[in-house]
Peer 1: 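This is the structure I have questions about; it appears just below.
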Amino acid sequence: MNALPPLPQSRSLWRDTAGPAPDAQPLRGDTQADIAIVGGGYTGLSTARALAALGVDVIVLEANRIGWGASGRNGGVVSGKFRLGFAEMARRWDIGTARRMHDIGNEAIANIAALLSHYGIEADWRESGSLRCAHSLATLDSLRAECAWLRDSLGDHAVSMLDADGMRAETGSGDFLGGLLNEHGGVIHPLKFVRGLTAGLRRDGVRIHDESPVTAIERTRDGLRLLTPQGQVSAGQAVLATNGYSDLTPATDPVRRRVVPFRSAMIATQPLTGTPGEGLLSQGRSYTETRRMMRWFRKSGNRLLYGGRGAFGKTDSASAFAALEQAMRKQFPQLDGIQVTHRWSGLVAMTMDSLPHMGRLDDRMVYAMGYNGTGVALASYMGRHVAALATGQPTDAGLIGTLPLNPVPFYPAREVGVRLVAGWYQFLDAIGK
Ligand SMILES: Cc1cc2nc3c(=O)[nH]c(=O)nc-3n(C[C@H](O)[C@H](O)[C@H](O)COP(=O)(O)OP(=O)(O)OC[C@H]3O[C@@H](n4cnc5c(N)ncnc54)[C@H](O)[C@@H]3O)c2cc1C
């Protein structure tokens with residue numbers, strides 16, 4: 001058996017291009033807040049922003065540096081879609097539900113632009129839309145049906161179809177039989193965005209502490225006590241915004257078993273200026289394949305970024321990165337001889353019903369999580385709904401706010417389950433189903 005190549009050192013393009021990290025601001029000593037938020041990604045920060053706007057005294061506690069979780073590692077694809085399609089929502093519930101979820105997606109995209117402009121954040125935002133790329137006749141048919149349904153049933157005229165020639169002209173790859181273009185959404189630098197949001201909130205006086213893992217949440221006579229290594233917070237309520245990283249400490253045990261962490265990996269090439277790859281992905285959108293084991297790609301700083309499933313288990317593996325690189329080079333032969341300079345990964349939180357959730361665990365604790373790999377826009381927008389829930393005001397977050405997020409059955413066997421499902425999906429992809 002051939003030995004695997006040595007594990008390439010994990011190195012994120014975003015970290016290399018975001019500029020110097022702001023100094024850490026760990027919590028030191030004892031303090032109080034109306035509401036304490038556990039997790040300083042887009043969900044925690046957007047919730048802090050919305051609570052502060054309601055006049056609530058709020059504090060954010062992040063275990064690592066800001067942007068350490070998925071919010072600083074993701075692909076930066078800003079989209080209003082959910083893993084569960086809108087037509088499927090209409091079939092399972094009703095057209096009104098699908099319409100509300102579609103509106104939420106569009107509100108979430110608009111919210112990104114509003115946040116960038118409000119805080120003056122420079123995060124390489126391009127409102128360039130997205131293209132779903134059909135790899136088989138069956139998926140091309142289903143994209144056509146989806147496009148017609150979105151236009152006819154939801155009046156969404158931002159979507160249209162491209163034929164195979166159009167796909168080749170735009171992507172530079174001959175692999176695709178057609179594609180579904182959505183002019184809504186775009187691409188962003190995720191780490192610049194989460195750091196910019198943090199800086200803006202801090203300027204407005206919101207307390208955000210990083211390097212402050214909440215190690216325990218204790219009940220007190222009149223609320224909660226959140227313990228961190230160097231301090232503690234007495235709070236009336238807590239919001240758990242820990243998503244795919246809900247197993248860092250036992251403090252978030254109540255939500256840990258409600259999501260299945262799934263490793264998503266990315267690679268980035270050297271800058272393509274002056275190489276045969278320079279003209280690839282000419283419109284600068286985000287591109288996703290229709291395969292179940294989806295791969296996706298985009299440009300940033302004239303590099304090509306390519307993402308897909310990462311290693312199973314807790315750490316990166318050389319073979320997962322090698323598989324991505326192989327797929328990228330097959331899809332884009334123009335990259336022959338081009339170096340891959342960055343490889344990194346992170347955890348997305350999958351849910352059993354493929355939808356994000358927010359809800360109340362008890363009288364003191366609220367959660368929001370489970371974006372199923374599409375949380376850049378949504379998690380940055382969810383805060384207004386989470387804040388309303390925490391403060392007892394009515395809010396309409398569609399299915400996100402109404403469906404229960406139950407513990408995953410057979411949770412200890414989740415890794416085996418993820419492997420089995422992934423293997424089956426790969427088989428179906430390979431035979432073009
Ligand atoms: C590789 C990758 C690519 C992705 N690509 C895309 C994409 O292109 N488009 C898209 O829409 N979505 C994408 N996603 C998903 C998206 O990044 C997430 O949905 C989103 O960032 C979720 O934000 P969050 O704030 O809920 O979670 P996170 O950003 O993961 O934040 C959770 C935070 O909680 C902290 N935490 C955990 N436990 C504790 C504790 N006890 N005390 C204090 N803090 C704690 C963690 O340190 C972490 O920083 C991707 C995800 C990954 C991993």
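Model, not experiment: these values are computed from the prediction. Just follow the structure's listing: the first ligand is 1, and inside any ligand the first atom is 1. The figures here come from the full heavy-atom set of this structure, side chains too, leaving out hydrogens, waters and symmetry mates.
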Peer 1: Out of Asn243, Val77, Val214, whose heavy atom sits nearest atom 8 (O) of ligand 1?
Peer 2: Val77
Peer 1: When you measure from the heavy atoms of Glu62 to every atom of ligand 1, does any distance fall below 4.0 Å?
Peer 2: yes
Peer 1: Distance to 0.1 Å, residue and atom name: give those for the protein heavy atom nearest to atom 5 (N) of ligand 1.
Peer 2: Gly75 N, 2.9 Å
Peer 1: Pick one of side chain, backbone, both or neither for how Leu61 approaches ligand 1, counting any non-hydrogen atom pair under 4.0 Å.
Peer 2: backbone
Peer 1: For ligand 1, note which part of Tyr371 has a heavy atom under 4.0 Å away: side chain, backbone, both or neither.
Peer 2: side chain
Peer 1: Counting heavy atoms only, which part of Ala70 comes closer than 4.0 Å to ligand 1: side chain, backbone, both or neither?
Peer 2: both
Peer 1: Who gets closest to atom 6 (C) of ligand 1 by heavy atom: Asn74, Leu305, Leu227?
Peer 2: Asn74
Peer 1: Does ligand 1 have an atom that lies less than 4.0 angstrom from a heavy atom of Gly373?
Peer 2: yes
Peer 1: When you measure from the side chain of Glu289 to the backbone N and O of Arg132, does any donor-acceptor pair fall under 3.5 Å?
Peer 2: no
Peer 1: Would Ala241 count as a contact of ligand 1 if the rule is a heavy atom under 4.0 Å away?
Peer 2: yes
Peer 1: Can you tell me if Ala251 contacts ligand 1 (heavy atom of the residue under 4.0 Å from the ligand)?
Peer 2: no
Peer 1: Does some non-hydrogen atom of Ser79 fall short of 4.0 Å from ligand 1?
Peer 2: no
Peer 1: For ligand 1, which part of Leu347 has a heavy atom less than 4.0 Å away: the side chain, the backbone, both, or neither?
Peer 2: backbone
Peer 1: Please answer whether the main-chain N or O of Gly67 pairs with a side-chain N or O of Ser71 as donor and acceptor at a distance below 3.5 Å.
Peer 2: no
Peer 1: Looking at every heavy atom in both Ile338 and Gln334, which two are closest together, and how far apart are they?
Peer 2: CG1-O, 4.3 Å
